[in-house]
Number of protein chains: 2
Amino acid sequence: MVTTQGEPVLHGSPYRADCPTRHILDRIGDRWTVLIVGALWDGSARFSELRRRIEGISQKMLTQTLRGLERDGLVSRTVHPEVPVRVEYALTEAGSSLREPLSALQEWAIAHLGQVSASQEDYDHADQPPATSTNHDT
Amino acid sequence: MVTTQGEPVLHGSPYRADCPTRHILDRIGDRWTVLIVGALWDGSARFSELRRRIEGISQKMLTQTLRGLERDGLVSRTVHPEVPVRVEYALTEAGSSLREPLSALQEWAIAHLGQVSASQEDYDHADQPPATSTNHDT
DNA sequence: CCGAATCCTCAGCGATACTG
DNA sequence: CAGTATCGCTGAGGATTCGG
């Protein structure tokens, strides 16, 4: 996530950091959470399998993000005490329910990506880059 | 956003970083974008007004995030060349259309926040904190 | 095979100061 | 009022290594 705790604590602003949406975005706004949830839509998977499914993820972040999801009750973790330990991860009901709003976002993304990209091109090719910096993007 | 460009470039993974959803999440996953969009649901506003509406935001991040949104074509920026310069920000059509999926997320957040918090409590009160670290949260 | 611990880099973001 | 430029801190997160 981005930071989450450095908040100076506000008072009466209508867009405070403690609104549920903000909270959830802090939770799923990181690089990997959504990808893991997406990977688990295909069914439960073991640690290594998840690593392969997502591939760009490091072992550390996979573990860390899975722990977060488990803590939130969105993902279940089942240890099979076999000889080489086997661990299965799966979406819980709550985790599965995330699919709805996430799909909405996904559809928006698909529907608007072209337009957004075009707008970016347009913006970047404008002729008033105030000298010094090419500081587009966040 | 989180990083977005350090990607090692993958090849055949089904959850590549270049999927539209991932892209959009990188865009709106930062600390302020969603808050600004939310603040503009109430109608257009000037720079200072936005600062007041959001309040926790620094001048730098407000400018930076607004630039990003403008670049993406989600927010329009209108300069009124009056004596003290006046600048109005407003959502574009595309920006407004974000309200739908964002509301879906919001509703999910509201519906599940309690459950998630409870799960966290539960998780944290488990009796196997492997010593050293209290490393919950992302 | 699953994961924890350590190290280190780099970029998000706030604070501050300066322009038009 | 509406920015832009610079500096410094902090923490996300990749690489690597060790344990069960």
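Naming convention: chains lettered A, B, ... in sequence-line order (proteins, then strands); numbering from 1 in each chain.
Between B/Thr63 and the phosphate of D/dA2, there is no side-chain N or O to OP1/OP2 separation shorter than 4.0 Å. A close approach under 4.0 Å does not occur between any side-chain nitrogen or oxygen of B/Arg46 and OP1 or OP2 of D/dC1.
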Between side-chain atoms of residues 98-106 of chain A and protein atoms elsewhere (two or more places apart, or another chain), which donor-acceptor pairs fall under 3.5 Å?
| unit_1 | atom_1 | unit_2 | atom_2 | d |
| --- | --- | --- | --- | --- |
| A/Ser103 | OG | A/Arg99 | O | 2.8 |

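The residue A/Arg77 sits close only to the backbone: its heavy atoms come under 4.0 Å of sugar-phosphate atoms, none of a base.
With distances taken from any side-chain atom of B/Tyr89 to the nucleotides D/dG3, C/dG3, C/dG14, the minimum falls on D/dG3. In this structure, of C/dG14, C/dG3, D/dG13, it is C/dG3 that holds the atom nearest to the side chain of A/Val87. Taking the side chain of B/Arg31 as heavy atoms from C-beta on, and the options D/dG13, C/dC1, C/dG14, the nearest nucleotide is C/dG14. Between C/dG3, C/dC1, D/dC1, one nucleotide has an atom nearer to the side chain of A/Arg67 than all others, and that is C/dG3. Set against D/dG14, C/dG20, C/dG14, the side chain of A/Ser58 has D/dG14 as its closest nucleotide. Nearest to the side chain of A/Asp30, among D/dG13, D/dT16, D/dC1, sits D/dG13.
Across the protein-nucleic acid pair, B/Met61 atom CE and C/dA11 atom C1' stand 11 Å apart, rounded to whole Å. Taking atom CG of B/Leu62 as the reference point, atom C1' of C/dG12 lies 16 Å away to the nearest angstrom. Regarding B/Gln64, its CD atom lies at a distance of 14 Å from the C1' atom of C/dA15, rounded to whole Å. Distance, B/Glu49 CD to D/dG3 C1': 18 Å, rounded to whole Å. Straight-line distance from the CD atom of A/Gln59 to the P atom of D/dA15: 11 Å, rounded to whole Å. Going from atom CD of B/Glu82 over to atom C1' of D/dG3 covers 17 Å, rounded to whole Å. Atom C1' of nucleotide C/dC13 and atom CG of A/Asp26 are separated by 14 Å, given to the nearest angstrom. Following rounding to the nearest Å, B/Arg86 (CZ) and D/dA2 (P) show an atom-to-atom distance of 9 Å.
Looking at which nucleotide of DNA chain C each of A/Lys60 and A/Phe47 is closest to, the 5′-most match is held by A/Phe47. Each of A/Ile57 and B/Glu88 lies near DNA chain D, and the nucleotide nearest B/Glu88 is the one positioned closer to the 5' end.
Remark: B/Glu88 engages B/Arg86 in a salt bridge (Lys or Arg N to Asp or Glu O under 4.0 Å) (not counting sequence neighbours).
Distance CD1/B/Ile28 to CG/B/Leu35: 11.5 Å, rounded to 0.5 Å. With rounding to the nearest 0.5 angstrom, the CZ atom of A/Arg27 is 8.0 Å from the CZ atom of A/Arg71.
Partner of A/Thr33 under the side chain to side chain contact (heavy atoms under 4.5 Å, CB included) criterion, out of A/Leu74, A/Leu69, A/Val75, A/Asp72: A/Leu69 alone.
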